[in-house]
Amino acid sequence: MSAPALSDQAPLLKTIANARPDVDTVVEHVLFLPELCPATLNPRPGSTLTLRYQAGELLLELFSLDTYMDAFIGHPVVRDMEFFVQTVALDAASALGGEVTAVADVTFNRLRQGQRITVRATPTH
């Protein structure tokens, strides 16, 4: 089986050089998810996606994370939150060249439940 392809949004995800790669550093980005589905307005406000990784030579660039996330608004991948989180985790791992853990805490309109999705991804290239 071949490695999964990166998403069309992957080029939007930029990195910057880590000024201190010799310092043991764990980075967590807590992203507040926008309403990704224009039909259902899901996920509900307050839903988050946390990207966690051991800093190496590269760090995810903050502003590009917002641009990258916004590119999923109305995109067909958001119809399945599990696939969405897997996609983001794989894109981030490939951008960084190392393992990324993505944890989504999602609540939905018209449902009396939430969902937590945890994905551990390694680079695909």
Side-chain angles (χ1 to χ4, degrees):
M1 185 163 122
S2 63
L6 297 177
S7 74
D8 295 340
Q9 291 76 12
L12 298 173
L13 200 52
K14 306 295 183 197
T15 59
I16 59 173
N18 181 358
R20 297 296 304 265
D22 55 317
V23 176
D24 187 16
T25 306
V26 174
V27 178
E28 286 190 353
H29 297 277
V30 180
L31 305 161
F32 296 94
L33 294 175
E35 293 173 343
L36 297 170
C37 179
T40 64
L41 303 180
N42 281 316
R44 286 178 48 190
S47 297
T48 61
L49 175 65
T50 301
L51 300 176
R52 184 176 203 269
Y53 59 93
Q54 180 74 38
E57 295 294 322
L58 299 173
L59 303 168
L60 291 176
E61 195 273 326
L62 296 175
F63 296 103
S64 76
L65 275 170
D66 280 349
T67 301
Y68 171 81
M69 206 50 57
D70 288 347
F72 285 100
I73 295 173
H75 191 278
V77 75
V78 301
R79 301 193 66 71
D80 177 341
M81 286 306 294
E82 295 86 355
F83 183 63
F84 168 73
V85 177
Q86 291 167 343
T87 299
V88 172
L90 285 169
D91 286 353
S94 293
L96 290 166
E99 184 176 297
V100 171
T101 299
V103 178
D105 286 301
V106 184
T107 56
F108 300 96
N109 290 306
R110 299 185 215 145
L111 293 173
R112 293 183 314 271
Q113 60 181 297
Q115 187 177 38
R116 175 170 289 152
I117 303 162
T118 302
V119 175
R120 284 179 206 76
T122 56
T124 60
H125 61 282

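Just so you know, these numbers use all the heavy atoms, side chains as well, and skip hydrogens, waters and symmetry mates. The model shown is predicted, which means the values in this text are computed figures rather than measured ones.
To the nearest 0.5 Å, atoms CG (Leu60) and CG (Leu96) are separated by 4.0 Å. Leu41 contributes atom CG, which lies 7.5 Å from atom CZ of Arg110 (distance to the nearest 0.5 angstrom). We find the CG-CG distance between Leu65 and Leu12 to be 11.0 Å, quoted to the nearest 0.5 Å. Here Ile117 contributes atom CD1 and Phe83 contributes atom CZ; the two are 12.5 Å apart, rounded to the nearest 0.5 Å.
Between Asn109 and Thr40, the closest heavy-atom pair is ND2-O, 3.2 Å. Of all heavy-atom pairs spanning Phe72 and Ser7, the tightest one is CZ-OG, 4.2 Å. Taking every heavy atom of both residues into account, Val100 and Ala89 meet most closely at CB-O, 4.2 Å. Of all heavy-atom pairs spanning Pro38 and Gly74, the tightest one is CD-CA, 3.7 Å. Across all non-hydrogen atoms, the minimal contact from Val85 to Ala104 is CG2-CB, 3.5 Å. Here the closest heavy-atom approach between residue Pro43 and residue Glu35 is recorded as O-CG, 3.8 Å.
Residues Leu58 and Ile16 have side chains not in contact (no heavy-atom distance under 4.5 Å, counting atoms from C-beta outward). In this structure, Leu36 and His75 have side chains that are not in contact, with every pair of non-hydrogen atoms separated by 4.5 Å or more. For the pair Val26 and Gln54, the minimum side-chain heavy-atom distance is below 4.5 Å. Annotation: side chain of Leu62 is not in contact with side chain of Asp66 (no heavy-atom distance under 4.5 Å). Inter-residue side-chain proximity for Leu111 and Asn42 is flagged as unmet; no heavy-atom pair is nearer than 4.5 Å. The shortest distance between side-chain heavy atoms of Arg120 and Glu99 falls below 4.5 Å. For the pair Val88 and Leu49, the minimum side-chain heavy-atom distance is below 4.5 Å.
Criterion: ILVMFWY side-chain heavy atoms under 4.5 Å apart, direct or through other members. Under it, Leu31 and Val27 are part of a common hydrophobic cluster. With hydrophobic clusters built from ILVMFWY side chains whose heavy atoms lie under 4.5 angstrom apart, Phe32 does not share a cluster with Met69. Ile73 and Met81 end up in the same hydrophobic cluster when Ile, Leu, Val, Met, Phe, Trp and Tyr side chains are linked at under 4.5 Å. Cluster annotation: Leu51 is not connected to Val30 through the hydrophobic network of ILVMFWY side chains, with a link wherever side-chain heavy atoms come within less than 4.5 Å.
Enclosure of atom CD in Glu57 is not indicated, since only 12 or fewer non-hydrogen atoms of other residues, nucleotides or ligands lie within 6.0 angstrom.
The aromatic rings of His29 and Tyr53 sit parallel, their planes meeting at an angle under 30°, below the 60° perpendicular limit.
Not a single donor-acceptor pair under 3.5 Å links the side chain of Ser47 to the backbone N or O of Leu33. The backbone N or O of Gly56 lies less than 3.5 Å from a partner atom in the side chain of Asn18, making a donor-acceptor pair.
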